[in-house]
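A note on names: the letters A, B, ... follow the listed sequences, proteins ahead of strands, and every chain is numbered from 1. Quick caveat: nothing in here was measured; it's all calculated off a predicted structure.
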Protein chains: 2
Amino acid sequence: MATMKDVATHAGVSLKTVSRVLNNEPHVQDKLRQKVFESVKEMGYVPSTSARNLRSNRTYTLHLITENIEGNFINTIQSGALRAAQKFGYNLVPTLLAEETLSSPKALKAWCKEFITQKKPDGVILVPPHSDQPLINQIFNQANIPVSRIGPNDIEISDSVNVTIDDRKAAKEVTEYLIRHGHRRIGFVRGIEFHGATHRRYDGYCDALREAGIGIDENLVKPGQFSFESGMTAGKALLELDQAPTAIFAANDDMAAGVIVSAYMKNLKIPEQISVVGFDDSELAERIWPSLSTVRQPLLTYGEQAAEFLVGRAGKHRNEQDKTPVQTELLEYKIIIRASTGSVSH
Amino acid sequence: MATMKDVATHAGVSLKTVSRVLNNEPHVQDKLRQKVFESVKEMGYVPSTSARNLRSNRTYTLHLITENIEGNFINTIQSGALRAAQKFGYNLVPTLLAEETLSSPKALKAWCKEFITQKKPDGVILVPPHSDQPLINQIFNQANIPVSRIGPNDIEISDSVNVTIDDRKAAKEVTEYLIRHGHRRIGFVRGIEFHGATHRRYDGYCDALREAGIGIDENLVKPGQFSFESGMTAGKALLELDQAPTAIFAANDDMAAGVIVSAYMKNLKIPEQISVVGFDDSELAERIWPSLSTVRQPLLTYGEQAAEFLVGRAGKHRNEQDKTPVQTELLEYKIIIRASTGSVSH
DNA sequence: TCTTGATATGATAACGTTGTCAATTGGGTG
DNA sequence: CACCCAATTGACAACGTTATCATATCAAGA
């Protein structure tokens with residue numbers, strides 16, 4: 001395996017000159033530059049990442065921090081992040097943190113400390129629900145590690161970059177769509193309570209009802225866990241009400257799929273007797289029958305932008321003074337109307 | 001940041017002794033061992049991965065090599081691999097290879113060479129369709145990099161470890177299930193042709209028909225791409241036949257979901273008029289209506305075992321002579337009967 | 001011609017580990 | 001008491017880069 005020293009000897013220059021050429025540093029004659037490049041090619045030289053990492057105190061590694069990488073949501077984000085990271089020669093490493101880190105700040109701090117010293121990430125990507133937590137973001141900031149947060153709740157609190165959509169507005173719009181189609185009794189299925197998205201989407205739902213002069217009926221709001229099963233449970237509860245809703249808005253697609261199944265089990269026709277909308281536009285939305293109306297989040301772009309930002313930051317010299325300003329990428333969402341929604345029949 | 005040297009000074013021993021203690025090497029007095037551990041704890045020392053990597057010529061990194069990480073199949077495998085890797089302190093890095101590497105051996109070799117020299121993987125996990133290719137496996141073997149293959153076609157060809165189920169037998173069993181329930185015209189939707197699984201499952205389907213004395217009707221076999229859309233197309237084609245099948249076996253769940261939707265579009269009742277089975281037991285299978293009968297592959301276990309094996313291999317000293325013997329982990333599959341299959345009605 | 005300052009180049013140190021090998025110690029044996 | 005083998009310990013080199021600093025070169029100005 002050829003090293004930089006071999007290349008230097010072959011090209012008749014010093015080690016440092018080769019280093020300069022390969023790192024695009026100035027102060028090298030074009031003639032020597034050429035010669036070095038030729039030697040590199042000729043010897044099939046590939047730099048040693050390990051050596052570079054050690055000396056430069058970097059790892060060329062971004063970490064996607066999450067409790068679980070299963071599921072369409074995180075999977076798609078990861079895919080976007082991976083593409084961007086790989087394009088710039090970075091590794092993207094999914095990293096699982098223990099569940100107790102969500103409830104115990106102490107456990108979180110301990111985990112982060114060990115993680116940082118051991119892995120020396122060049123950047124981290126936080127996804128819900130951890131992107132909602134100010135503390136974890138703060139810990140990484142103090143360690144001077146760039147952070148990208150996806151779908152965070154409070155976009156002002158940190159000097160990370162936030163990549164998100166306007167959940168509340170999207171939820172409002174999709175609720176308005178239902179109202180426009182004659183629905184007045186609209187059920188809502190919440191997500192996990194410590195996910196900010198649960199509250200933002202619920203708020204949007206309320207906004208639309210309020211503006212339409214429809215009172216918020218607590219009976220029409222059911223808890224959920226963002227899971228298919230919890231969607232089934234909530235759907236069943238809503239459909240068994242004395243005054244059942246004519247439409248149900250679930251805070252994500254998995255739960256909406258559960259609602260649809262609960263409707264099938266009651267032999268209700270969708271969308272003739274009950275309209276259903278979800279949120280995310282996951283893989284599932286197009287694969288079920290009837291296909292699901294939903295809100296498309298640009299998940300791939302979330303991942304791409306989050307990673308690209310980190311690469312940009314990591315490339316620069318770390319400087320205690322030079323903190324990142326708050327920066328928020330507010331991406332476009334899109335209401336996707338498919339076959340699971342219809343007009344209310346009088 | 002405390003280094004090993006600091007720990008050595010603090011404990012009043014040499015650098016090497018600390019190293020020995022931390023690497024669980026013999027030839028250190030218990031007394032000193034204790035002292036070193038105390039100093040490590042006291043100083044909050046964490047070893048530098050970069051330095052260790054450089055010196056030991058390892059990276060503590062496993063790569064999951066694939067064209068695309070999206071989709072339930074690869075996502076679940078990755079999850080299993082990640083858990084196992086992280087448990088042993090390894091990074092799991094998903095790595096995308098260019099699509100042309102499948103058709104061009106030259107491109108594949110070039111890609112692998114650069115990948116190996118640059119990333120110095122401690123082990124690689126190959127998934128379909130690349131796990132079916134003898135060449136890629138051979139390249140890594142020559143570079144002395146341990147390989148785990150998931151669901152490979154030919155389990156004898158290499159000195160990798162293979163983690164798989166008996167696809168053919170599973171496909172046969174599920175077809176037999178349909179036959180037992182009175183089906184004699186059973187459609188089959190193939191997958192991508194250069195995936196070994198496509199052929200293995202088709203062979204199992206044929207085995208069952210042959211043993212039952214049912215001739216194989218070419219009209220009942222349709223091509224597919226393992227995608228939902230291709231399942232819809234194939235389902236439509238099958239259901240429009242003059243002599244339509246009473247059951248359809250799709251080579252994976254995504255296509256089975258497509259078949260189900262194509263049946264809905266023809267107003268057919270499932271399973272009363274048409275039974276559908278898939279393969280994989282993906283997330284989707286339980287979320288659609290009617291829930292899908294299928295074959296469960298232990299995807300999480302695939303990933304876990306593949307990664308665990310690599311960690312075990314990477315730990316040992318690389319030795320040209322000491323090649324891995326062919327080793328195949330044949331895991332258990334399970335036929336899952338849900339609501340999409342029923343008896344044929346006369 | 002002599003400075004001067006900018007540009008170009010290289011010698012050498014440094015990063016924090018692990019590997020090699022020599023030195024020291026200790027306990028049993030002749 | 002001398003001897004030997006094994007266990008213990010440490011000094012130092014090595015991994016392949018990047019960073020620091022000194023030196024060499026050169027064009028322009030005095």
Side-chain angles (χ1 to χ4, degrees), chain A residues 1-36 39-40 43-61 89 116-120 122 314-319, chain B residues 1-36 39-40 43-61 89 116-120 122 314-319:
Chain A
M1 204 77 283
T3 81
M4 217 153 126
K5 203 172 172 182
D6 301 327
V7 174
T9 310
H10 185 269
V13 297
S14 81
L15 209 57
K16 182 62 204 180
T17 300
V18 178
S19 170
R20 269 192 271 259
V21 171
L22 295 179
N23 291 294
N24 265 323
E25 290 173 27
H27 306 311
V28 181
Q29 280 186 16
D30 276 357
K31 213 174 83 184
L32 286 190
R33 270 218 150 74
Q34 289 304 327
K35 207 186 255 177
V36 168
S39 295
V40 164
M43 311 196 65
Y45 166 77
V46 179
S48 152
T49 313
S50 308
R52 185 209 297 238
N53 289 356
L54 173 59
R55 186 59 239 238
S56 62
N57 206 27
R58 287 173 54 189
T59 54
Y60 292 87
T61 295
I116 290 171
T117 45
Q118 209 154 62
K119 301 292 187 182
K120 291 213 175 64
D122 278 359
K316 284 162 197 152
H317 277 278
R318 312 260 186 82
N319 183 332
Chain B
M1 204 76 283
T3 82
M4 217 153 125
K5 203 172 172 182
D6 300 328
V7 174
T9 310
H10 185 269
V13 299
S14 80
L15 208 56
K16 183 63 206 181
T17 300
V18 178
S19 170
R20 269 192 271 260
V21 170
L22 295 179
N23 291 293
N24 266 321
E25 290 173 27
H27 307 311
V28 181
Q29 280 187 17
D30 277 356
K31 213 173 84 185
L32 287 190
R33 270 218 150 76
Q34 290 303 326
K35 209 187 249 174
V36 168
S39 295
V40 164
M43 311 195 67
Y45 165 77
V46 179
S48 152
T49 313
S50 308
R52 185 210 297 239
N53 289 356
L54 173 60
R55 185 60 236 238
S56 62
N57 205 27
R58 287 172 57 188
T59 53
Y60 291 88
T61 295
I116 290 170
T117 45
Q118 209 155 60
K119 301 292 186 181
K120 290 213 175 64
D122 278 359
K316 283 163 198 152
H317 278 280
R318 312 263 185 81
N319 184 331

Short side-chain N/O contact to D/dG10 OP1/OP2 from B/T17, under 4.0 Å: yes
query: How far apart are the closest heavy atoms of B/G89 and A/K119, and which atoms are they?
result: O-NZ, 3.6 Å
field: Rounded interatomic separation in angstrom, taking NE2 from A/H27 and P from C/dG10
entry: 15 Å
message: What is the separation between atom CG on A/L22 and atom P on D/dT18, rounded to the nearest whole Å?
response: 7 Å
- prompt: To the nearest angstrom, how far is A/K31 atom NZ from C/dT7 atom C1'?
  reply: 16 Å
query: How many Å lie between OH on A/Y60 and C1' on D/dT18, as a whole number?
result: 10 Å
A/Y45 vs A/H10 side-chain heavy atoms within contact, under 4.5 Å: no
query: Separation of B/L54 atom CG from C/dG19 atom P, in whole Å?
result: 12 Å
- request: Ignoring backbone atoms, establish whether B/S48 has a side-chain N or O less than 4.0 Å from OP1 or OP2 of C/dG16.
  value: no
field: Between C1' of C/dT18 and CE of B/M4, the distance in whole Å
entry: 7 Å
Which nucleotide in C/dA11, C/dT18, D/dT18 has an atom nearest any side-chain atom of A/R52: D/dT18
task: Between B/T3 and A/V13, name the one whose nearest nucleotide on DNA chain C is closer to the 5' end.
output: A/V13
query: Whole-Å distance between D/dG10 P and B/K35 NZ?
result: 10 Å
- request: May I ask you to say what B/P47 touches in the nucleic acid, namely base, sugar-phosphate or nothing, with a heavy-atom cut-off under 4.0 Å?
  value: sugar-phosphate
field: Side-chain N or O of B/S19 closer than 4.0 Å to phosphate OP1/OP2 of C/dT18
entry: yes
- prompt: Got a second to check how far A/H27's NE2 is from A/K16's NZ, nearest 0.5 Å?
  reply: 11.0 Å
- prompt: When rounded to the nearest 0.5 angstrom, what is the spacing between CG in A/N53 and OG1 in B/T59?
  reply: 10.5 Å
message: Nearest heavy atom decides the nucleotide; on that basis, is A/A2 or B/R20 closer to the 5' end of DNA chain D?
response: B/R20
field: First of B/G12 and B/A51 reached from the 5' end of DNA chain D, by closest nucleotide
entry: B/G12
- prompt: Taking atom CD of A/E25 and atom OG of A/S19, what is their separation to the nearest 0.5 Å?
  reply: 5.5 Å
- prompt: Ignoring hydrogens and angles, are the base of C/dT17 and the side chain of B/R55 linked by a donor-acceptor pair under 3.5 Å?
  reply: no
- prompt: Is A/N23 touching bases, backbone alone, or none of the nucleic acid, heavy atoms closer than 4.0 Å?
  reply: sugar-phosphate
- request: Give a yes or no on whether a donor-acceptor pair under 3.5 Å exists between the nucleobase atoms of C/dA11, that is its base, and the side chain of A/K16.
  value: no
- request: Output the single nucleotide from D/dA7, C/dT9, D/dT20 whose closest atom is nearest the side chain of A/V28.
  value: C/dT9
query: Could you give the CD-to-P distance, from A/E25 to D/dT18, as a whole number of Å?
result: 8 Å
- request: State the CE-OG distance between B/M4 and B/S48, to the nearest 0.5 angstrom.
  value: 10.5 Å
message: Taking 4.0 Å as the cut-off, does a side-chain nitrogen or oxygen of A/Y45 come that near to OP1 or OP2 on D/dT17?
response: yes
- prompt: Looking for any heavy atom pair under 4.0 Å, which part of the strands does A/L32 touch: base, sugar-phosphate only, or nothing?
  reply: sugar-phosphate
task: Give a yes/no on whether any side-chain N or O of A/Q29 is located under 4.0 angstrom from OP1 or OP2 of C/dT7.
output: no
